[in-house]
Amino acid sequence: MPQYFGQLHTSEQPWSILGAVQSIQQNQRRILFKCGDPCLAISVLAPNLIRVRMTPTGQFLPHRSWAVTQGDEEWPTVPFEVRETVDAVEIQTEQLRVLVNQNPCRIQCFDKSGQPFAQDTDQAMGWRTGATAGWKQIEADEHFYGFGEPTGLLDQLSKVRTNWTSDAIDFGILTDSMYHAIPFFMALRPGVGYGVFFNTTFWSRFDLGAEQPGVWRMETQASELDYYIIYGPEPAKILDTYTQLTGRMPMPPRWSLGYHQCRWSYESQDIIRKLASEFRQRQIPCDVIHFDIDYMNGYRIFTWSPKRFANPKELVDDLKQNGFKVVPISEPGVKYDPEADYQVFDEGLKNDYFIRKTNGQLFHGYVWPDKAVFPDFMRSEVRDWWGNLQKSLTDIGVAGIWNDMNEPALDDRPFGDPGNKITFPLDAPQGPADEKTNHAETHNLYGLMMAQASYQGMEKSRPGERAFFLSRAGYAGIQRWSAVWTGDNQSLWEHMEMSIPMLCNLGLSGVAFVGTDIGGFAGNATAELFARWMQLGMLYPFMRGHSALTTAQHEPWAFGDQVEKICREYIELRYQLLPYTYTLFWEATTTGAPILRPLLYHFPNDPKTFTIADQIMLGPSLLAAPIYRPGVEHRAVYLPEGRWYDWWSDEVFEGPIAILAHAPLERMPLYVRAGSIIPMAPVMQYVDERPLDALTLRIWRGTGQFTLYEDDGHTFEYKTGAFCTTTYQVRSEGQQIIVEIGSREGSFLPAGRETIVELVGIGEQRFVDRGTAQQLTFSI
């Protein structure tokens, strides 16, 4: 726990525990159990979703505007039965049964077959000064996933995970608090799965059996216990319901799925121009160049350096003509600059937009511009102001915003001096007058609210065009406003390996558009590490190479011809897979499904997948087994149930099976499920270089289907129905393979194109796609 938080934490005080039920009240949605002054409320919101609230005082907290996207009253009323006996009250929906024991008051949940989950222990629910908590049983063979971006292993059993957004510089496998605080997890065992969203923005913590084996505990410094239980039983259903609570991502601009290049810093317009030229001359696809802090004038936000970036509009226009989008960094620390004519500071001070202490004094800390003040993004008028300031960037053509240092990250003295990381005073007032609170409640929301300000501001300044957003910090629901990355990692093999479970757990926390700095941010990658990381990074939903000041250059050509060739091949493969991955993004927007998935997502009843943290799936079809140690050219790979094909050689494997894969430096082991249909585009240097005027359907023998999603890739018209889908199916009939192509559905009309249907290992057929249904037959 951060040292500065100890003032509110009273861990030695004994817990008061919820006692016997004394009376019960019920309406069409909620059952209220009164246990003297303390109360327990269970609301039935969906057949697989209940909300549990316990207050020691008998008074529940009011709804907060920043909370879940659907309040209790916004869920459709669902039927449920309540049966009361002397000992218990039973609540039954179509999918689950909740048993509330009356003396003492305890909750037990069961699926339709009677399998228990999320059962209270004897301690159940309790409170003490400044904290509330709940205790539940860990069932045999139960495993825990999600929690935002936990470091270390995929499964968090026996770990402690603290929800407190932190500048986790130099993080490692034992780091607890990270950049993103997402108090959600899912618990899985064969046949049973459930999720828990801990509905608190205060400091909170999950203990997954570390202190007391067989018991998991949730604790918060809020004055009531408030959490949702989501019955699965499978991860996909849990995430579908969870993202109904916290929101789903919008469709990003198609170009943002391309390769991004960044460094702290490409410090002048001349260096940026040379970088762009290198990509095009070397024919390495790239869509986005990020500008780090040195584009600014003295690190003043929303300014440009008059020396290093003398004509930013001309630079951005020239890059656009060459197929590059520009995404500059944005940070919340506003330079304290009363003597200068600095509009951002002057306006913020005049309108009282900056955070103050309880005595009314302006709060300040130290970040890149030295002494700085910080906007209160909890207030809508401050978010509007900040979003409108972005017009100074969009007017010259920038296409996105990269929000950094928004945990918030600051020191108590100028950077470069030995100092201490601090946060705003926990009692600092924040929020609008009708919802006034303090930083103890809003700390975890700071990055989320800054991201919301950026997103909504860009909607105004670029109303017809989607923009790209990236945030280092966030809370539950960050997916509504921004992509995220895992922060300042290092050029270490261990950090490359750790990126797999970190990104998978983010996906299992409802955040699908995720990535990590390829090659490592801090330190110097070796040629071998960079090549292997680029192979893995090809699969990241957000693919960006990024490196820190004073490190060696980390561009794809910086490690010699062999590594440059490997980088080119895998970035080209990423661009070829865009029709497939863009469809996965559509799935994320409609169901909350992750794009990058652990094996357990598709094989939740196979216990062997529960702890596999070094293999990964891109959507339902592709399984990768990256090499994450130096000098290794072979590795064990587990292929779950079903038939699998080697992507490179077409060799066939019948799962479940463990194999030894050969992986020379130029090859990352990659496998495809039987019956997969993967639409692929031609190689391009940037996404908007050409319309999708040719499409290859790679199909592997078996039974399966895939629905391709298409829209214009850059406007919001998809929200009003301007998109189309085409469903492809493959099946066997005797000595023939049948490929059925459904008629195109939807109002969007793609460019005319030739489609190549390649039945891998058998042959191919071609046709001109006019959107009509047809059937193709291949003889075996």
Side-chain angles (χ1 to χ4, degrees), residues 17-112 117-120 124-127 132-136 183-184 194-201 218 220 222-232 238 241-246 476:
I17 303 301
L18 197 63
V21 176
Q22 298 180 9
S23 64
I24 301 171
Q25 298 175 6
Q26 179 186 343
N27 59 29
Q28 64 177 355
R29 192 182 298 275
R30 189 180 80 165
I31 303 96
L32 179 67
F33 302 86
K34 292 191 173 183
C35 307
D37 287 337
C39 292
L40 171 71
I42 297 180
S43 300
V44 180
L45 306 180
N48 71 325
L49 174 66
I50 64 170
R51 183 183 185 186
V52 180
R53 303 178 75 184
M54 187 278 295
T55 170
T57 65
Q59 298 295 318
F60 291 105
L61 296 174
H63 177 77
R64 293 299 207 179
S65 63
W66 56 78
V68 294
T69 59
Q70 284 189 220
D72 290 4
E73 302 305 317
E74 297 175 84
W75 289 86
T77 303
V78 296
F80 63 93
E81 296 180 4
V82 177
R83 293 183 289 273
E84 184 176 354
T85 68
V86 174
D87 298 323
V89 174
E90 189 176 88
I91 306 165
Q92 180 91 43
T93 76
E94 289 179 355
Q95 297 185 31
L96 58 85
R97 179 168 60 95
V98 181
L99 192 68
V100 181
N101 296 308
Q102 297 202 55
N103 189 16
C105 184
R106 303 289 181 266
I107 298 172
Q108 296 174 288
C109 298
F110 302 89
D111 67 10
K112 292 183 70 174
F117 64 93
Q119 295 194 93
D120 283 353
M125 290 164 274
W127 60 92
T132 54
W135 292 259
K136 292 185 179 290
F184 169 79
Y194 69 95
V196 169
F197 174 51
F198 200 8
N199 189 29
T200 176
T201 60
M218 53 186 155
T220 178
S223 60
E224 73 173 45
L225 193 69
D226 184 357
Y227 65 96
Y228 295 80
I229 298 177
I230 305 166
Y231 171 68
I238 296 169
T241 303
Y242 168 69
T243 53
Q244 288 181 61
L245 274 173
T246 59

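The figures that follow rest on heavy atoms only: side chains count, while hydrogens, waters and symmetry mates do not.
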Supply the atom-to-atom distance [X] [atom1] to [Y] [atom2], rounded to the nearest 0.5 angstrom.
{"X": "E224", "Y": "L40", "atom1": "CD", "atom2": "CG", "value": "11.0 Å"}
{"X": "N103", "Y": "D87", "atom1": "CG", "atom2": "CG", "value": "9.0 Å"}
{"X": "W127", "Y": "T57", "atom1": "CH2", "atom2": "OG1", "value": "10.0 Å"}
{"X": "I91", "Y": "Q26", "atom1": "CD1", "atom2": "CD", "value": "8.0 Å"}
{"X": "C105", "Y": "K34", "atom1": "SG", "atom2": "NZ", "value": "14.0 Å"}
{"X": "S43", "Y": "N27", "atom1": "OG", "atom2": "CG", "value": "7.5 Å"}

Heavy-atom pair with the smallest gap, counting every atom of [X] and [Y]:
{"X": "C39", "Y": "G58", "value": "SG-CA, 3.9 Å"}
{"X": "T93", "Y": "P47", "value": "OG1-O, 2.6 Å"}
{"X": "R30", "Y": "A41", "value": "CD-CB, 3.8 Å"}

What I'd like to find out is whether the side chain of [X] reaches to under 4.5 Å of the side chain of [Y], using heavy atoms alone.
{"X": "M125", "Y": "T132", "answer": "no"}
{"X": "L245", "Y": "W75", "answer": "yes"}
{"X": "P183", "Y": "F197", "answer": "yes"}
{"X": "I31", "Y": "F80", "answer": "yes"}
{"X": "I107", "Y": "I42", "answer": "yes"}
{"X": "I238", "Y": "F184", "answer": "yes"}
{"X": "I230", "Y": "N48", "answer": "yes"}

Under 3.5 Å: donor-acceptor pair, side chain of [X], backbone of [Y]:
{"X": "T200", "Y": "L225", "answer": "no"}
{"X": "R83", "Y": "Q92", "answer": "no"}
{"X": "Q28", "Y": "T77", "answer": "no"}
{"X": "Q102", "Y": "F33", "answer": "no"}

Report task. Test D120 against every option in K136, Q108, R106 by the side chain to side chain donor-acceptor pair (under 3.5 Å) rule and name the one that passes. Result -> K136
Report task. Evaluate whether atom CD of E94 has more than 12 neighbouring non-hydrogen atoms of other residues, nucleotides or ligands under 6.0 angstrom away. Result -> no
Query - Neighbour count >12 (heavy atoms, 6.0 Å) for atom CD, E84 - result: yes
Query raised in the report: Passes side chain to side chain contact (heavy atoms under 4.5 Å, CB included), S223 versus T55? Steps please.
Result: CA-CA 7 Å; S223 60; T55 170; over 6 Å; no
**Report entry** Derivation and outcome, side chain to side chain contact (heavy atoms under 4.5 Å, CB included), residues F60 and L32
**Finding:** CA-CA 11 Å; F60 291 105; L32 179 67; 3.9 Å; yes
Query raised in the report: Where do L45 and Q70 land on the side chain to side chain contact (heavy atoms under 4.5 Å, CB included) test, with the steps shown first?
Result: CA-CA 10 Å; L45 306 180; Q70 284 189 220; over 6 Å; no
Query raised in the report: Going by an N to O cut-off under 4.0 Å, is there a salt bridge joining D72 and R29?
Result: no
Query - L96, V52, I229 screened by side-chain contact (heavy atoms from CB on, under 4.5 Å) with C109, the one that passes - result: I229
Report summary line: Only residue of Y242, Y194, F117, F110 satisfying ring pair (Phe, Tyr, Trp, His ring centres under 6.0 Å) with Y231 is F117
